[in-house]
Amino acid sequence: MARTFYIETFGCQMNVHDSEKIAGLLLSSGYRQVDNVEEADLVLYNTCSIREKAAQKVFSRLSQFRKERGAGKLFGVLGCVAQQEGEQIFEAAPHVSLVVGSASYSRFSELLAQLESGQRRVAGLSLDTEETFETEFTRRDNPFRAYITIIEGCDKHCAYCVVPFTRGPERSRTSQSVLQESRRLADAGYTEIQLLGQNVNSYRDPSSAAVSFAQLLAKIAEVPGIRRVRFTTSHPRDFTPEIVDAIDSHPVLCNHIHLPVQSGSTEVLRRMRREYTREQYLERISWIRRAKRPISISSDIIVGFPGETEANFEETLALLDEVGYDSIFSFQYSPRPNTASLELEDTIPEEEKGRRLRVLQERQRNIQLGRNQTFLGTIQEVLVEGRNSREEQGRTQWKGRTTQNMVLNFTVPDGLGPVPSPGEYREVQVTRVGPNSLAGEAVSGVVVRSSRKYPESQLRVL
Ligand code: SAM
Ligand code: SF4
């Protein structure tokens, strides 16, 4: 009987996609995937350590299976916590027999073979690599959006961040390999691609073609069958006007840029080692605002970085108004191992950090409500993701996503074509808006049908 594995993923989209590739490797070597620990012979946790709370989650999971519930199973810790804690995990959780950081995933099959041959403890923890993790077979969990990692690791060393210590040095895939994967995905019926990297726009093509990030975007946009291309995350320091030009010239490139600012204060940015000022950041925003079509902008913000004064925080609030973000991810500063900011005195009480976070989120909520009003009455093309559990005045409600990556829930009036099916594109008129989503009614039949066949399990009610 085939051996079985269960994989649980914490953290960012890069982790989600790494898990898809690990699952692909395991399936191609004869394992069968199961969706609970009980049925699994091999249990893998792909972990995140960006903030302390995220890192703690895996140890709480592992403790659930320490005794008889884990008997006869092999446990593995992958990803950022694996890299950060290293072989100490074997001491803290003796039932773990595999510890692999993401920079060693290209050796995953070899490490798995050691484990299968009966080795009690196997670790892959070297950060000294120029390789990227490429697999022939990826088990894609997201039925609509296919992820492609174009760059791994990070060389930036922001003062608060563990990523350079957990994911190793920056290394890009060749443009040929990225394009080949894009074509394969289009042939498999995917219409939306999302390029991934800690800093996608720091991409440096290692091949002699020396394609820039903006040129790579244009080339992927020209792959027949691809209707939407997204990319995340862009680093403000490496953001160029050519990226906006590429979006202008290729409607397939989505109207959305995630450009994390972290703080609106130049003084805080300098202490964070972000390598740009508030003014330089705003200059990039002005390039985006000059685009021929409106591009939605989102950001990441950290409140309570060591030494952040009330005045510094006010500058961040003012920046929210000035930029007019369509969404943000906001975090309280969390001290992380090895990082430079541990040297800075962290005197802001946790309650004050919490207060700043709430004030920031409230301000952003109002900005979003205002911005979303501008969508009222407009017609947006959505990629249909599925059926909502909630009904709208007795009618089935469907969930779609706009090019700006906003959720647009919609109903279909009688007589307007077939019932929507996941993966197709429809036009929807926006009739109501909230701070986090839009609602409306379909005004077209199918614009583009999907050639992909979605397995029943992926057509769950959302
Ligand atoms: N490379 C991206 C950039 O530079 O914008 C960010 C990638 S990081 C995985 C995602 C986000 O986590 C960051 O943008 C930052 O807002 C947040 N983050 C990272 N370290 C943090 C820390 N120590 N405390 C709180 N938030 C943190
Ligand atoms: Fe972390 Fe800074 Fe690298 Fe982003 S650029 S991953 S925040 S070190």
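Both ligands and their constituent atoms are indexed starting at 1 by order of listing. Excluded from the calculations below are hydrogen atoms, water molecules and symmetry mates; all remaining heavy atoms, backbone and side chain alike, are included. This structure is a prediction, so every number in the text was calculated from the model and none was measured. One-based numbering along the sequence shown.
Considering backbone and side-chain atoms alike, S234 places every N or O at 3.5 Å or more from each N or O of ligand 1. Here's the thing with T233: none of its N/O atoms is less than 3.5 angstrom from an N/O atom of ligand 1. In terms of polar-atom proximity, Q262 is counted as a contact of ligand 1, with an N or O under 3.5 Å from an N or O of the ligand.
Residue contacts with ligand 1, taken as heavy atom pairs separated by less than 4.0 Å, involve Y160 via backbone and side-chain atoms alike. Of the heavy atoms in R274, only side-chain atoms (C-beta onward) come closer than 4.0 Å to ligand 2. Residue R274 touches ligand 1 through its side chain alone, judged by heavy-atom distances below 4.0 Å.
At a threshold of 4.0 Å, the pair R167-D18 counts as salt-bridged, since one of the basic side-chain nitrogens sits closer than that to a carboxylate oxygen.
Using a 4.0 Å cut-off to heavy atoms of P260, the atoms of ligand 1 that qualify are 5 (O). Here is the list of ligand 2 atoms found below 4.0 Å of a heavy atom in C158: 2 (Fe), 5 (S), 7 (S), 8 (S). In the vicinity of Q332, heavy-atom distances shorter than 4.0 Å reach the ligand 1 atoms 24 (N), 25 (C). Those atoms of ligand 1 with a heavy atom of H235 less than 4.0 angstrom away are 4 (O). Those atoms of ligand 1 with a heavy atom of N199 less than 4.0 angstrom away are 1 (N), 2 (C), 3 (C), 4 (O). In the vicinity of C154, heavy-atom distances shorter than 4.0 Å reach the ligand 2 atoms 3 (Fe), 5 (S), 6 (S), 8 (S). The R336 neighbourhood of ligand 1 comprises atoms 23 (N), with distances under 4.0 Å to a heavy atom of that residue. Less than 4.0 angstrom separates some heavy atom of Y333 from each of these atoms of ligand 1: 24 (N), 25 (C). Taking every heavy atom of Q198 and a limit of under 4.0 angstrom, the matching atoms of ligand 1 come to 1 (N), 2 (C), 7 (C), 9 (C). Shown in contact with P164 at under 4.0 Å from a heavy atom are these atoms of ligand 2, numbered in order with element: 8 (S).
Among all non-hydrogen protein atoms, the one lying nearest atom 26 (N) of ligand 1 is R51 NH1, 3.5 Å. Remark: minimum distance from atom 5 (S) of ligand 2 to any protein heavy atom is reached at N199 ND2, 3.4 Å.
By the 4.5 Å heavy-atom criterion applied to side chains, Q332 and K53 are not counted as neighbours. Residues Q262 and Y276 have side chains in contact (heavy-atom distance under 4.5 Å, counting atoms from C-beta outward). Using a 4.5 Å heavy-atom threshold, the side chains of L196 and Q194 count as touching.
Atom CD of Q176 has more than 12 heavy atoms from other residues, nucleotides or ligands within 6.0 Å. Enclosure of atom CD in E314 by more than 12 non-hydrogen atoms of other residues, nucleotides or ligands within 6.0 angstrom is indicated.
Formation of a donor-acceptor pair under 3.5 Å by the D326 side chain with backbone atoms of I297 is found in this model. A distance-only check finds a donor-acceptor pair linking the side chain of S265 to the backbone of E267 [under 3.5 Å]. In this structure a side-chain-to-backbone donor-acceptor pair under 3.5 Å is present from H235 to R237.
Residues that satisfy the side-chain contact (heavy atoms from CB on, under 4.5 Å) test with F59, not counting sequence neighbours, are L62, V81, E85, I89, A92.
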Practice item. Dump the intermediate steps for side chain to side chain donor-acceptor pair (under 3.5 Å) on E52 and S334, then the final yes or no. Key: CA-CA 6 Å; E52 197 182 347; S334 166; 4.9 Å; no

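Taking 2.8 Å as the threshold, C161 counts as a candidate ligand of atom 1 (Fe) of ligand 2, since one of its N, O or S atoms lies below it.
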